[in-house]
*Asks:* 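So that we are looking at the same thing, I have put the structure below in structure tokens.
Predicted model only: the values in this text are computed from it and were never measured. Both backbone and side-chain heavy atoms feed into the values below; hydrogens, waters and symmetry mates do not.
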Amino acid sequence: MVRDLVIYCQHVLLHAVPALWRLHRMHHADLEFDVTTGVRSPIPGPLIGART
């Protein structure tokens, strides 16, 4: 449960911090929800521990 909270907080930061949002918005760019939506992320995302 703590891990879920940490992931949620990271995701909130990805939306709130403009520099992080520019990296994260690719995750939200797809017009159709499919199997790739949850894994679509730029290379820097995993480097900062970001999860979509």
*Asks:* Measure the CG-NE2 distance between Leu13 and His24 for me, rounded to the nearest 0.5 Å.
*Replies:*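 With rounding to 0.5 Å, CG (Leu13) is 11.0 Å from NE2 (His24).
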
*Asks:* Tell me whether Val6 shares a hydrophobic cluster with Tyr8, the cluster being built from Ile, Leu, Val, Met, Phe, Trp, Tyr side chains joined at under 4.5 Å.
*Replies:*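 Shared cluster, no.
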
*Asks:* Enter the distance from Gln10:CD to Leu20:CG here, rounded to the nearest 0.5 Å.
*Replies:*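 If I round to the nearest 0.5 Å, the distance is 10.0 Å.
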
*Asks:* So His15 and Arg25, do their side chains get closer than 4.5 Å, heavy atoms only?
*Replies:*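 Not touching, per the 4.5 Å side-chain cut-off.
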
